[in-house]
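A note on names: the letters A, B, ... follow the listed sequences, proteins ahead of strands, and every chain is numbered from 1.
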There are 2 protein chains.
Amino acid sequence: MEIKQAIEALGALAQETRLEVFRLLVTAGPEGLPAGEIAESLGAPASTLSFHLAYLSRAGLVVSRRESRSIIYSANFDGMRGLLDFLTQDCCKGRPEMCSPLVEPKPAAAARRAKTC
Amino acid sequence: MEIKQAIEALGALAQETRLEVFRLLVTAGPEGLPAGEIAESLGAPASTLSFHLAYLSRAGLVVSRRESRSIIYSANFDGMRGLLDFLTQDCCKGRPEMCSPLVEPKPAAAARRAKTC
DNA sequence: TCTATAATTCTATATTTATAGAATTATGGA
DNA sequence: TCCATAATTCTATAAATATAGAATTATAGA
């Protein structure tokens with residue numbers, strides 16, 4: 001991921017409503033949620049949400065698809081992974097020891113990671 | 001890291017000059033760089049840089065110390081790690097498989113991570 | 001103490017972002 | 001085709017951010 005793209009993604013998440021939308025979509029998984037449901041869930045007007053969803057979409061953090069009259073939004077995990085990679089490599093540039101272990105919230109995480117090693 | 005703090009850190013990095021400052025400070029390491037050198041290095045006026053450095057500082061991504069007449073800024077790796085943890089846990093909430101392996105740039109990284117497992 | 005240096009804070013201005021009602025577009029069913 | 005629903009785009013306005021010169025503060029050396 002290049003720097004311009006990273007800045008766009010960072011800016012997309014640097015706002016309360018959008019970060020909440022993203023979190024909501026992450027928990028919703030690949031099935032996603034229709035725009036209206038997201039707006040209702042956050043208690044914001046449809047036009048405001050539409051603005052934020054477009055922002056997240058431009059940033060590559062969510063994707064959308066039409067399904068009958070609804071437009072379904074879902075988290076773009078590849079996009080998020082791209083951002084995390086950018087930050088990690090940026091942060092660790094030349095000094096990898098300073099940013100790892102990246103996550104160690106509870107034993108389960110360590111076990112999970114052990115699998116991939 | 002809580003959500004307000006994460007938004008501040010994301011916002012701090014979501015701007016070209018500040019992201020460049022942070023990258024510069026990461027490569028500079030714990031010794032850091034004086035404010036003037038950072039400004040000169042980026043070709044921006046001192047007052048502009050001061051504004052951005054204060055922003056990064058508020059966000060917990062850099063720290064400063066006075067050294068004679070200079071003020072030395074350095075990357076706060078703990079702060080950055082906090083942000084990465086927040087994002088990773090947020091992104092992976094309920095579906096950890098979607099965001100790992102987080103980094104796999106070259107064999108060295110895998111070896112490095114293997115040590116921590 | 002006086003002067004030069006390093007940086008910040010003050011101030012004004014320009015730019016970008018956010019909010020939300022009104023108007024518009026797209027879809028599906030009667 | 002006509003109507004209701006789901007969303008977006010348009011528009012205006014408010015709020016936050018970014019830029020940079022001028023003034024101020026802090027430190028060190030002569």
Side-chain angles (χ1 to χ4, degrees), chain A residues 3-25 28 31-76, chain B residues 3-25 28 31-76:
Chain A
I3 200 163
K4 289 269 181 194
Q5 214 186 332
I7 287 173
E8 210 165 17
L10 287 163
L13 295 179
Q15 206 273 349
E16 195 166 3
T17 304
R18 286 194 297 265
L19 185 52
E20 272 171 24
V21 167
F22 185 74
R23 282 152 65 93
L24 184 65
L25 290 178
E31 326 80 58
L33 289 172
E37 230 170 276
I38 299 172
E40 193 188 15
S41 176
L42 301 199
S47 66
T48 298
L49 244 294
S50 199
F51 168 83
H52 289 305
L53 286 167
Y55 206 124
L56 284 164
S57 185
R58 263 198 314 280
L61 293 172
V62 307
V63 291
S64 62
R65 64 181 191 274
R66 180 174 279 279
E67 213 159 272
S68 176
R69 264 177 298 194
S70 297
I71 294 186
I72 312 289
Y73 284 87
S74 52
N76 182 3
Chain B
I3 199 163
K4 290 270 182 193
Q5 214 186 334
I7 287 172
E8 210 165 17
L10 288 163
L13 295 179
Q15 205 274 348
E16 196 167 3
T17 304
R18 285 194 298 263
L19 185 52
E20 272 170 24
V21 168
F22 185 74
R23 282 150 66 92
L24 184 64
L25 291 178
E31 326 80 59
L33 290 172
E37 231 170 277
I38 300 171
E40 193 187 16
S41 175
L42 300 198
S47 66
T48 298
L49 244 293
S50 199
F51 168 83
H52 289 306
L53 286 167
Y55 206 123
L56 284 163
S57 185
R58 263 199 314 279
L61 292 171
V62 307
V63 292
S64 62
R65 63 180 193 277
R66 180 175 277 278
E67 212 159 272
S68 175
R69 264 179 297 192
S70 297
I71 294 185
I72 312 290
Y73 284 87
S74 53
N76 181 4

Can you tell me how far [atom2] of [N] sits from [atom1] of [X], to the nearest Å?
X	N	atom1	atom2	value
A:Ile7	D:dT17	CD1	C1'	14 Å
B:Ile71	D:dA26	CD1	P	11 Å
A:Leu42	D:dA7	CG	P	13 Å
A:Leu56	C:dA18	CG	P	10 Å
B:Leu13	D:dA18	CG	P	12 Å
B:Glu16	C:dT15	CD	P	17 Å

Using a cut-off of 4.0 Å on non-hydrogen atoms, how would the nucleic acid contact of A:Ser50 be classed: base, sugar-phosphate, or nothing?
base

- Which part of the nucleic acid does B:Ala46 contact within heavy-atom distance under 4.0 Å: base, sugar-phosphate only, or nothing? base

Among the nucleotides D:dA7, C:dA18, D:dA18, whichever has the atom closest to the side chain of B:Tyr55 is D:dA18

Exercise for review: Compare side-chain N and O positions of B:Tyr73 against OP1 and OP2 of C:dT8 and report whether any pair is under 4.0 Å apart.
Suggested key: yes

Review point. Side chain of B:Arg18, backbone of B:Ala12: donor and acceptor closer than 3.5 Å?
Key: yes

In Watson-Crick or G-U wobble terms, with both distances under 3.5 Å, the base opposite D:dA30 is C:dT1

Report, one pair per line, the protein and nucleotides 19-26 of chain C atoms (nitrogen or oxygen only) whose separation is under 3.5 Å.
from: C:dT19; atom 1: OP2; to: A:His52; atom 2: NE2; distance (Å): 2.5
from: C:dA20; atom 1: N7; to: A:Ser47; atom 2: OG; distance (Å): 3.2
from: C:dG21; atom 1: N7; to: A:Ser47; atom 2: OG; distance (Å): 3.2
from: C:dG21; atom 1: O6; to: A:Ser47; atom 2: OG; distance (Å): 3.3

Taken in chain and number order and not counting sequence neighbours, the residues that satisfy side-chain hydrogen bond (donor to acceptor under 3.5 Å, both in side chains) with A:Arg66 are none

